[in-house]
Amino acid sequence: MTAMPDTPDIPARPARKLDTARQRQARVAGWVLMGLAVLVALVFARDSAGMAVFRLSRPNDPLALPDLVVAAAPYNYFAAALLAFLGARQFMRGGMRWTSLSLGLGLFIAVTAFLVWATAGKAFSLTGMLQATVVRAVPIALGGLAGVLSERVAVVNIAIEGMLLAGAFTGALIGSLLGGWGGLAAAVAMGGVFGFILAALVVTYRVDQIIAGVVINLFVLGVTSYVSSQVYQEYRFLNNAPVFAPVKIPLLGDLPVIGPVLFNQNLFVYGAMVMVAVATYYLFHTRYGLRARAVGEHPRAADTLGINVYRTRYINVTIAGMVAGFGGAWFTLGSVGRFDENMTGGRGYIGLAAMIFGRWHPVGALAAALVFGFADSLQQKLALLQTPIPSEFLAMAPYIATIVLVAGLIGRARPPAADGQPYIKE
Amino acid sequence: MDVELRGITKRFGPITANRNVNLTIRAGEVLGLLGENGAGKSTLMTVLCGLYSPSEGEILIDGKPVRFAGPGDAIAAGIGMVHQHFMLIPVFSVAENVVLGVEPTGRLDRLDLVTARAQVRSINETYGLEVDPDALVGDLPVGLQQRVEIIKVLFRSAELVIFDEPTAVLTPQEVEDFFKIVRSLRDDGKAIVFITHKLNEILEIADRISVLRAGEIVGEGDPKALSEADLAEMMVGRPVSFTVAKAPFAPGEVLLEVDDLTVLRDDDSLAVDRLDLQVHRGEIVGIAGVQGNGQTALVEALTGLARIAGGTLRFAGGDITRASTRERHRLGIAHIPEDRQRTGLIPAFTIAENMVLDTYYDERFSAGPVIRWDAVNRAAARASIDFDVRTDSVFNAVGTLSGGNQQKVIIAREMSRDTQLLIAAQPTRGIDVGSIEYIHRRIAEARDEGDGVLIVSSELDEILALSDRIVVMFRGRIVAEFDGNDPGISRKAIGLAMAGATA
């Protein structure tokens, strides 16, 4: 008694060449890779002279590694050839099977070629850039994680930007009065308040989720900008918070490259890693995580099983707000100790992009945030190398990376099925 | 467990869905609840399973009154429901779906899926359900998804199981298997409510029958003492004719010729697999098959809504493989889409606006960029009368009409112009018997006037009543063909072909 019988005995017909979506995608990827090959060969390779020196350790590190020295022009011609090969095999039979991998590898090669070109004849601290990558990824990763937590229960959270900004502001203000830990706790609480407000607006009052998010963003931007431009001018002691210093983890912190990058950072870096791990465990290995995901996929099914859809959404969106508040505190308590107008500069939106690029998974969002963090630190460090590219263009790098990744490479990431839809019980 | 509904009334604003309903459900018995679409069967049962609270009346379990604050209370009281639209999460595994809400857990709230799987297997064995606990629900065929719903209910130790239109998505063979499961549940002492609008099924499975019409119980009886005609009259309130009057079959030349058609789904899997099909003038071709075997993609390819990956379409002698939807429309292809709410109509628009969605650009209805609303409204009013749309004004939003009247708006839009080919997908799904009769008559008239007609339906009765020729689609191919005018046609043979067995 099986529901589906075996495949009936219909005579097999020869497979036919079909123009599938995957083939089209493979062709596009092929052209992109070829284009990169041409760019690397004609611009980066021809213009590279001498050696590119990448420093991996500082001279007085306990386990110092020698510098990485690359002959610039030969490396870049080699990179161009490799890209051309990857591009060409996209057009061959079976090329579409590795489209995403080829494209990812190709982009990596192109970025290394760019770095070699920029460094040719000079020296550049690779470890320093990776360390900055991790630091700059923190607010994006936490914003992305906040997005994951709320979109997994089907609440689209545009308000992450505002929550980050509120966290940054509250962290600086309360941090100035009560010290770092007090500021941090207040930032987290303030994020939670805005998370709760968002939940109330979209769950209970069924305000359109995008509009509710934009309202929160504009409100926070308006209030914090007013206070920082009017009040802080006069009362400067209100905007002078302590900064959490890096804490070196014994032994691990002494490892070459990964020591300084991962184990000699401040509270926010460690906090982001722990939160990503906890969120992954929560969402995919616990009872309440299963229920949360059920609410995001099919709220009515969850309701028929006695799961309280509204309460689940309130709790998760509030926690998401707290995560974003923590991420916001990074801007002030984890970095400069003072609040500036609109200092989050769209990191919340990039966090949302990281969430999508990371396929609504905490670890994916973290990985995507590292890509954006890399683009961010690249533009900062390259300014020091004095490349012929104007610094304004370099400053665009994180945003260009966002557009390329979200528009081009993600393919069909599948959001939670009920994402963005209010649930109406009766 | 015996359950009694006493004087249940459920109102949604001004609409009364159920009025003073009394119903008794006993352990070890299958109660058949019969009624037309929109008669209030599902609402009544949603009240019983705690999703809605009744406006008046009470529910008694074993003689004691109970109140349900939500579905959780009803589940705890031993009431389980298998919904018509499955309440399953496609991206979860079978085990995850089954335990959702009552999950076994270990330390740190960790999900214990090992226990969950074992529990699913033990229910499998007790009732012979054979569902893999690790399979993703979205990958399962609907017949198995339904069993997951049954496992879910049994896992919560339900003593009363409600099945809402459970056979709508099954092949005739799957229905047989399903009935065996229902009987084994009944013999195990469960109380069963079986909701349907299909007369033959209720006579086969029910031990007792209650008929609901317009929200009220209008009749009760013993299936042994009732015929289909009796039930139909109770259900509709007047005698019903089951046959469709058609002129003798006299097909003309080939109108539509589908040659080697291939259509892909979004994930590049084959939806339609090198299919050949012809429709002649004056002929109704019925496509039978279980949902999800490529019928939707076929219709979308014919009407220009889906990308054609291979093959050719010829219509009235011309090649229309690359023709746009509007070009096909102008050539005289009419389309009744399978989902009237989503693709057939714009619910928030008025009847008049919906009537001209396909012809608004015609110079009858627009002067340059300006729409001539007086002409639109007059035409819509005339069409509403011609096609029996029951409404007091063409300015009502289509979404406020009943399903049957919505469907008639679509029929009016598509058939009030000069058509040659009518493609109708699920033309009578979820509408009342009166509207079904009317729509069937209109389709038969189109054929008698010399149009070609292609009907896709998951209701075999509808295919049998209308078609001159029946083809069965299975996994994107046509696997069998039958003469629809043959009085000795075998439902069983068609059912087997729908399940993929070759003749």
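First the proteins, then the strands, lettered A, B, ... as listed; each starts at 1.
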| task | Please determine, among B/Leu111, B/Ile75, B/Thr46, the option with the most heavy-atom pairs under 4.5 Å with chain A. | result | B/Leu111
| chain A interface, residue from B/Gly50, B/Cys49, B/Gly101, B/Gly72 that has the most non-hydrogen pairs under 4.5 Å |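 Maximum pair count with chain A is reached by B/Gly101.
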Less than 4.5 Å to any heavy atom of chain A: does that hold for the side chain of [X], its backbone, both, or neither?
X	answer
B/His85	neither
B/Val142	neither
B/Leu100	both
B/Arg107	backbone
B/Phe178	neither

| said: Take a 6.0 Å sphere around OH of A/Tyr423 and say whether it holds more than 12 heavy atoms from other residues, nucleotides or ligands. | reply: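 Atom OH in A/Tyr423 is packed in, count exceeds 12.
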| Just wondering, more than 12 heavy atoms not from B/Arg183 lying within 6.0 Å of its CZ? | yes
4.5 Å side-chain heavy-atom contact, [X] and [Y]:
X	Y	answer
A/Asp303	B/Pro71	yes
A/Thr286	B/Leu108	no
B/Val91	A/Arg414	yes

| Which residues in residues 271-279 of chain A have a heavy atom less than 4.5 Å from any heavy atom of chain B? |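 Result: none.
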| message | At under 4.5 Å between heavy atoms, what parts of residues 287-299 of chain A are in contact with chain B? List them by residue number. | response |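 Under the 4.5 Å heavy-atom cut-off, A/Arg287, A/Tyr288, A/Leu290, A/Arg291, A/Arg293, A/Ala294, A/Glu297, A/His298 qualify.
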| Residues which pass side chain to side chain contact (heavy atoms under 4.5 Å, CB included) with B/Ala297, listed by chain and number, not counting sequence neighbours | B/Val263, B/Ala271, B/Val272
| side chain to side chain donor-acceptor pair (under 3.5 Å): pairs with one or both residues in residues 199-212 of chain A, sequence neighbours excluded |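 Checked against side chain to side chain donor-acceptor pair (under 3.5 Å) - neighbours excluded - the pairs reaching residues 199-212 of chain A are A/Thr204-A/Tyr314.
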| task | With rounding to the nearest 0.5 Å, note down the distance linking CG in A/Leu305 to CD in B/Glu103. | result | 9.0 Å
